[in-house]
Amino acid sequence: MRTFFTADTVDPDTRRRFRRAGILLVLAAVLPLVASVLFSWTDARQHERRDAELAAHVVRNQVATILAQGQRVANELVPLTNAPCEDVAADLRRRRDAEPYFRSLLLVEPGRVYCSSVLGSANVPLSHFVEFPTGLPQAPWVRIVSGTPLRPQSPALLIGRPGVDGRSVVAVVDGQYLLDLLGAITPLTAYQIELRVGDGITLRSGVAPSASDDALLLFDEETGAAPAQIDVEIIGTQGRLNHAWAQRLVHLLPFAVLLAGVLVWLSYRSLRSGRSAREQLLRAIDAGEFHVEYQPVYGVASGRCEGVEALLRWDRAGGRTVSPELFIPQAEASRVIVPLTRHLLALVARDSREWFVEPGFHVAVNVASEHLSSEHLQGDMHAFIEQLAGQQLQVVLEVTEHSLIANAQQAHANLTALRARGVRVSIDDFGTGYCSLSYLQSLPFDLLKIDRAFVQTIDPAGHGDAPVLDTVIGLAHRLGAELIAEGVETPAQFDYLRERGVSFVQGFLYARPMRADAFARWYAAGEQHALFTEGAGATGA
Ligand code: C2E
Ligand code: CA
Ligand code: CA
């Protein structure tokens with residue numbers, strides 16, 4: 001039987017299946033691992049950035065508070081530039097003592113400090129504090145300097161305001177407040193923070209990234225408007241990020257490995273069951289476990305059996321029979337349907353040699369979608385027709401609307417060519433598909449086979465109409481097709497269908513599917529198979 005299942009139809013397919021199975025297993029194993037690596041990486045990065053952003057916001061808010069305080073005090077001192085230092089020195093000292101953050105408060109005229117909250121009247125070159133190439137600005141200014149004459153090693157934040165007659169106010173905020181703030185925010189091992197306020201130098205805190213450890217800008221934000229803008233930068237290191245990543249990965253990896261294992265196992269099982277379905281079917285073909293039953297088809301006009309539908313049966317070892325409703329879909333899914341149909345054709349060719357039927361007797365075979373749209377169909381059917389030639393049997397292909405839509409081009413070409421060779425085409429399960437009238441008109445077919453479900457809508461006692469069935473029959477007549485009804489079980493159903501011009505009837509009322517030899521005996525017994533019904537009297541000869 002293996003002859004219907006040649007090496008050249010299976011081997012490339014098997015190879016393809018093995019390749020696909022391999023890819024599936026590798027994906028099942030690798031995907032969870034890749035996902036955990038990616039997830040832990042993005043999570044670590046997000047976490048680092050969130051931490052940095054939080055730190056930056058704390059710094060920015062604190063600095064903004066100190067700056068606002070300095071600006072307020074500087075503004076309040078502007079009127080003091082209107083009086084000599086002796087008159088305002090005490091006031092200056094009191095303000096410095098009363099307000100937090102200030103190292104000193106200065107009154108300045110071009111080139112020199114003339115009054116200070118620390119010294120009272122003074123004459124210190126302004127350049128000891130701060131230098132402007134074009135002289136003191138006549139607009140508010142803010143600058144961080146690296147030191148002041150009193151504490152040259154300690155940075156300070158200077159806030160300047162123009163006063164009267166070219167004089168100015170300079171409030172000197174102790175930079176230690178800012179450094180302490182930065183120091184409190186950055187744990188020693190964490191990032192480096194850089195702070196710029198106005199123009200001037202940058203304050204830094206934390207550990208600077210070493211040369212071997214790539215610096216990584218985690219956060220950079222500039223707020224406020226010139227001249228008092230605040231710029232906070234948080235710099236981490238690639239090493240620290242990698243460390244956070246590795247920590248997450250260590251926690252995630254066991255789950256990923258577990259998931260990969262489960263996925264591999266599930267994929268393997270599903271592949272195995274798919275393969276074993278295929279192997280079982282192929283083995284059953286080899287072992288000769290399939291046989292064909294033939295269900296007679298009744299010609300309404302002639303009143304005789306005018307054909308049979310070939311229906312596959314699977315008798316498994318141990319006497320268990322598997323329903324075609326079960327194994328045909330399995331054969332389709334595991335892509336054994338083509339070899340299985342070839343096997344069926346061989347069985348039908350063998351069985352029918354023993355029959356003594358009229359020339360032109362129909363033998364209908366069901367053809368699945370994959371076969372219908374394959375380039376092998378014509379060759380397979382030609383071989384079949386040749387084997388039946390001695391018997392002058394008429395081959396009928398039963399195809400569904402659905403299978404005609406899948407790969408329509410090849411299916412149409414196949415059917416057109418086969419009809420030219422005398423094969424008749426029957427649309428099976430007609431009415432259950434969703435083809436429009438115009439689409440149906442374009443299909444190459446000869447017969448429409450009304451689905452059992454519609455026949456069942458006929459009242460068993462013969463009362464009332466079956467409107468949906470009527471619509472299906474009306475549609476078939478409009479297409480000019482001959483009609484065959486399947487699943488006819490009662491005389492009432494038969495009468496109903498006959499009255500509406502159905503040409504052929506198939507169903508338990510007339511005959512059940514039977515083995516080839518049983519059919520030959522049944523057929524030979526002849527006349528008693530004519531269908532007689534109550535309402536119409538004799539319907540057959
Ligand atoms: P189908 O092509 O619609 O076949 C008709 C089914 O209706 C057959 O079931 C037949 O036994 C059943 N039947 C016939 N008369 C009556 C009746 O009066 N009442 C009831 N209730 N049922 C009736 P079966 O043999 O179990 O086949 C089921 C399906 O399996 C078929 O439906 C067909 O789609 C598929 N099948 C069977 N053999 C083959 C085959 O060789 N190739 C392919 N591709 N499919 C097949
Ligand atoms: Ca059928
Ligand atoms: Ca059917």
Side-chain angles (χ1 to χ4, degrees), residues 4 281 284-285 289-298 305 307-315 321-349 351-352 362-374 377 380-381 384 395-404 406 411 424-433 445-458 460 483-494 496-497 502 504-516 518-519 531:
F4 302 99
L281 286 162
I285 294 176
E289 289 180 2
F290 289 99
H291 75 268
V292 184
E293 291 198 349
Y294 300 90
Q295 184 172 34
V297 174
Y298 179 76
C305 173
V308 285
E309 177 177 6
L311 295 160
L312 259 182
R313 296 288 177 265
W314 185 7
D315 301 317
T321 315
V322 188
S323 158
E325 309 270 15
L326 208 74
F327 71 76
I328 294 291
Q330 263 180 3
E332 288 178 330
S334 55
R335 310 203 57 193
V336 189
I337 192 67
V338 172
L340 186 58
T341 305
R342 287 178 185 148
H343 184 51
L344 166 98
L345 297 178
L347 294 176
V348 173
D351 289 346
S352 61
H362 288 185
V363 175
V365 291
N366 295 283
V367 172
S369 180
E370 183 192 335
H371 206 177
L372 182 62
S373 52
S374 101
L377 182 73
D380 292 341
M381 294 315 295
F384 182 53
V395 175
V396 178
L397 287 195
E398 294 198 6
V399 301
T400 61
E401 284 170 63
H402 171 77
S403 65
L404 272 164
R424 302 190 86 200
V425 175
S426 172
I427 309 259
D428 204 355
D429 303 338
F430 178 63
T432 58
F445 68 92
D446 308 276
L447 289 154
L448 289 175
K449 194 164 185 181
I450 302 172
D451 192 64
R452 186 160 75 233
F454 296 107
V455 173
Q456 279 164 352
T457 62
I458 302 169
L483 271 174
I484 166 165
E486 68 176 359
V488 179
E489 295 178 350
T490 69
Q493 289 172 341
F494 174 73
Y496 193 100
L497 293 161
V502 170
F504 301 99
V505 163
Q506 182 184 345
F508 295 169
L509 174 69
Y510 183 51
R512 291 188 175 248
M514 48 195 122
R515 283 183 175 261
F519 166 72
L531 275 172

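First listed ligand is number 1; within each ligand, the first listed atom is number 1.
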E309 N/O/S atom closer than 3.0 Å to the Ca ion (ligand 2): yes
For [atom], which of [options] has the closest heavy atom?
| atom | options | value |
| --- | --- | --- |
| atom 20 (C) of ligand 1 | R313, E489, E309 | E489 |
| atom 46 (C) of ligand 1 | D428, I328, L344, D451 | I328 |
| atom 15 (N) of ligand 1 | R512, E293, Q295, R452 | Q295 |

For the student: nearest non-hydrogen atoms of H362 and F504, plus distance: CE1-CZ, 4.4 Å
Residue pair L372 / V367: nearest heavy atoms and the distance that separates them: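 Here L372 and V367 meet closest at N-CG1, 3.8 Å.
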Please answer whether the main-chain N or O of [Y] pairs with a side-chain N or O of [X] as donor and acceptor at a distance below 3.5 Å.
| X | Y | value |
| --- | --- | --- |
| D429 | D451 | no |
| Y510 | C305 | yes |
| E401 | F430 | no |

Metal-centred angle, the Ca ion (ligand 2) as apex - OE1 of E398, OD1 of N366, 10° resolution: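 So the angle at the metal works out to 90°.
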Aromatic ring pairing F290/H343, orientation class (parallel under 30°, perpendicular over 60°, tilted between): perpendicular
Proximal atoms of ligand 1 relative to [X] (non-hydrogen, under 4.0 Å):
| X | result |
| --- | --- |
| P513 | 11 (O) |
| V488 | 18 (O) |
| D429 | 3 (O) |
| E486 | 3 (O), 5 (C) |
| E325 | 28 (C) |

Partner residues of S403 under the side chain to side chain donor-acceptor pair (under 3.5 Å) criterion, sequence neighbours left out: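 Only T400 meet the side chain to side chain donor-acceptor pair (under 3.5 Å) criterion with S403.
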Minimum-distance N/O/S atom that D428 presents toward the Ca ion (ligand 2): OD2
